[in-house]
Each structure stands twice: as structure tokens, then as C-alpha cells.
There are 2 protein chains.
Amino acid sequence: MKVNKSHGLEHGTVSLDRGASLYLAGEKGHAWRVLSGSIRLDQEEPTGTQFAGLAVAGDVVGAETLLFGRYTFSAHALSPCSLRPWMAAPETAGNGIWLQMIAAAERRMADLLALRCGKAAERIRKLLALMGSGGRGVALPRLRDIADITDLTVETVSRTVTSLSADGTLDVQGSYRVRKVREVMKEAL
Amino acid sequence: MKVNKSHGLEHGTVSLDRGASLYLAGEKGHAWRVLSGSIRLDQEEPTGTQFAGLAVAGDVVGAETLLFGRYTFSAHALSPCSLRPWMAAPETAGNGIWLQMIAAAERRMADLLALRCGKAAERIRKLLALMGSGGRGVALPRLRDIADITDLTVETVSRTVTSLSADGTLDVQGSYRVRKVREVMKEAL
DNA sequence: CGGGGTCTTGATCTCAATCAACCAATGTGG
DNA sequence: CCACATTGGTTGATTGAGATCAAGACCCCG
């Protein structure tokens, strides 16, 4: 995997290209807040790598390092993104911070489970909606990633994106490895 | 839904029959720790009810009430279970408690996503393994619940359980609505 | 006794998986 | 600079696992 990780001058901010690695399971490191873009988390199993989570702008990833010192999952950029080191204010922050993170994790769980229900087209729309919430124009992740997250195959994702784009449900701009989805038809669910 | 919720004399412990409701989304209430059995959480949507989470022995459900006062999801018993009110020790417990809950939630997320990958037989075995960890002999949940969790249909679940039981992969005891899975062949994944 | 929820079984259909090429862009080393 | 490998994406033909539709059995309960 080509890794293009560039470090910003201030705050330790980093930028990742689509597909770039943020960290690998088992490595030492700290938590990050996602400023923009989206990150996929994967569980490394002897039998292969398994999609295990998704983080979008505003989310914190790698919080488990505060407990274990090491990352539980591997993290890769689904779309170009920027991140900043995140650390829990030791005592200043009350329980509220943690409760919010727990509540957010539970809601995110429901969202991700929903990405594996329904027909192919519906799953992909739900994923893009999740990634796009809070920003106009989502960079389309690699088909391989969309497939892993929705539990479809690349072939099916390719066909579905093409047809969604053809019938106007999706407005896909750009070509080949640099595509953006401008607008997702907003009928719910 | 028949609700059989019986209250223990001490500690506010409650016992639930398979299928019984612990609480509904939107109600006021407090958090619970699952002592035994397993609980499914559902998101109530205008379009219907959507599986949103699973709690087994040792887990805490309804922690979001500490933040919002009300439950975000509805909770029903998958198998007979007992619970005890749970409250965060205000200051005595440090951040450790919260971090552990967050780490647990993330691992659980990966587990639940895995229940929606692979063939029907594999999904069902993974679910029973998840429910059975830490106790010999799992009560088989209603097929409807298994179907919702694994994103299969009741018909497929029925056929699959029958065939897994026939070929010895699953040792199912009892009949009709009171079946226990004694042993799950433990080849991994 | 009848009714509703749970489970089972069968027949048929459909969507997505699979298998197999192929193209376009990027990168690499001589 | 060219040959070559690699990665990401596309398209077509075929297949299969599970959805869907339908009917009936079983059991509990009022």
C-alpha cells in the first residue's frame, strides 16, 4: 500500500491520502481526532483482515491506547483526511466526555449494522450518506473499501455505482481514482 | 409480546424470560448490568424496528441514560436473563471504567459486524459462540431474533439450524420453543 | 375451542457471488 | 525511454445461496 502521510507543521496534524495507513494493529501510539475525511478500522485476524469500524469527521480513533498503550485495530484512510492527536484531559474533563463517546459508539454501531442490510444500492447510499453528513461532496472511497464495509463484492459495487450514477441517484464527478460524489438523492433510509 | 419480568427481592435484580422487554426507547430509566443471558437492543425507526446491538453477561446496557436520562434503544431478552441496576461510581472510579467500556464497545462492534458476513451457517455459529462465551449451554433465541441479528430470514435460519443440528455441528437439546444448544463445534471463526 | 405466535417445509425466483477477461493509470528497474 | 508488473476499475456470462411466497404443524393461552 502506498502510504502518503504528510505532517502538518502545527499541532502534530497529519494528512492522509485515500488508502494511506494511519497506524497498524499492535503498534504503540496515541489517539487521534478525525478533522475531515473518513477512516476505516480493521481487525487483523490470522484468517485475513476484517472490517471493524468507521470513523468520520469529529470522531476519535485509537482511544484504546489510553488503556492498553497499543492499537487494537488498524486504521486506513477511506478518503483524503486530516487528523490531530487527541488526548483526554486527565481530570479536567468529567465523566461527560466518556459518556458522550460511549453513546456515540453505540449509535455508530447501529449505523454500521444498517450498512449490511437491504439491497446493494441502498447499502451504498447509506454509506455515502454517513460519510457525507456534514460536508458537501464526498470523495468516493475505493470500491474495495466500499465492498468490505457493505459486505458486497467489488464487481457488485462497480455495477451499482455505475447504475446509480446513470439514473441520477448519485452525481459522480471526476474519473478513475479521483471521483467525488456531489449529491446523494435524499430520500431517507 | 408477552412480558415476564420478575423482580428479585434484593438489589433490584430482575429476571426476564426469552422475548420479554427490559425497556423501550424513549422511556426514563437507569443503566443495567447483564448478569446472565443476553439482550438485544433495537433502534425504533418510523420504518420499523432495527437491530442495533447485543449485550451478553458482563455487559452494561442503557449507559446513555446517565447522559440523556432516557433510553436510546429498546431492550429485549434473547434468552432468559437476569440483570441488576448499574450506576457509575461517581469519583471513586477513574477514567479506567469508561475506557474499558469504550474498548469493549469497539470490540463488540467488530463482533456484530462479523455476524453479517459469510454464509448462513457460519453467521449462526458465530452468534451462538458469542452468546455462549462464558457459559455452558446457550438457550436458543427465537428464530426471528437470530434472523434479525444475522440479516437472514426466519425460513433460512430454521433450515440452517436443522441442518447444523443434523450434521452434528450443533448439539441442540429440547424441542420447540425451549431449545438449548449444548455444544458448538469449536473450529474457529 | 379458536386464535395468534412460533416453527417447519416446499417450490420458485432473484440478486449478488463467482469466474474470467480486459482497460487505464501508476510505478519500477534496466 | 521502454518493457513490465501492480493496482484500481469495468464488463459479461453463469451460478448459487438465500429471499420470497405459500401452506401447514405445533403449542400456549384466554
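So that the names make sense, note that chain A is the first sequence line, chain B the second, and so on, each numbered from 1.
Taking atom CD on Glu122(A) and atom C1' on dT14(C), their separation rounds to 16 Å, with Å as the unit. Between Asp145(A) atom CG and dT7(D) atom P there is a gap of 14 Å when expressed in whole angstrom units. In this structure, the CG atom of Asp17(A) is 16 Å from the C1' atom of dA25(C), given to the nearest Å. The interatomic distance linking Asp151(A) (CG) with dA17(D) (P) rounds to 16 Å, in whole Å. In this structure, Arg142(B) atom CZ and dC7(C) atom P are separated by 8 Å, rounded to whole Å. Atoms CZ (Arg144(A)) and P (dA17(C)) sit 11 Å apart, rounded to a whole Å. Spacing between atom CG of Leu164(B) and atom C1' of dT8(C) amounts to 16 Å, rounded to whole angstrom units. The distance from atom CG of Leu152(B) to atom P of dT20(D) is 11 Å, rounded to the nearest whole Å.
Note on Val172(A): it clusters hydrophobically with Val138(A), by side-chain heavy-atom contacts below 4.5 Å among ILVMFWY residues. Follow the hydrophobic side-chain contacts under 4.5 Å out from Leu66(A) and you reach Met101(B) in the same cluster.
Annotation: salt bridge (Lys or Arg N to Asp or Glu O under 4.0 Å) contacts of Arg159(A) (sequence neighbours excluded): none. Asp148(A) pairs by the side chain to side chain donor-acceptor pair (under 3.5 Å) definition with Arg40(A), Arg144(A), not counting sequence neighbours.
The pair Asp59(B)-Arg108(B) meets the salt-bridge criterion, since a charged nitrogen lies less than 4.0 angstrom from a carboxylate oxygen.
OP1 or OP2 of dT8(C) sits under 4.0 Å from a side-chain N or O of Arg179(B).
The side-chain contact (heavy atoms from CB on, under 4.5 Å) with Ile146(B) is formed by just one residue from the set Leu152(B), Thr160(B), Val154(B), Leu140(B); it is Leu140(B).
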Self-check item: Sugar-phosphate or base contact per nucleotide [nucleotides 18-23 of chain C; S, B, -; heavy atom under 4.0 Å]
Solution: BBB---
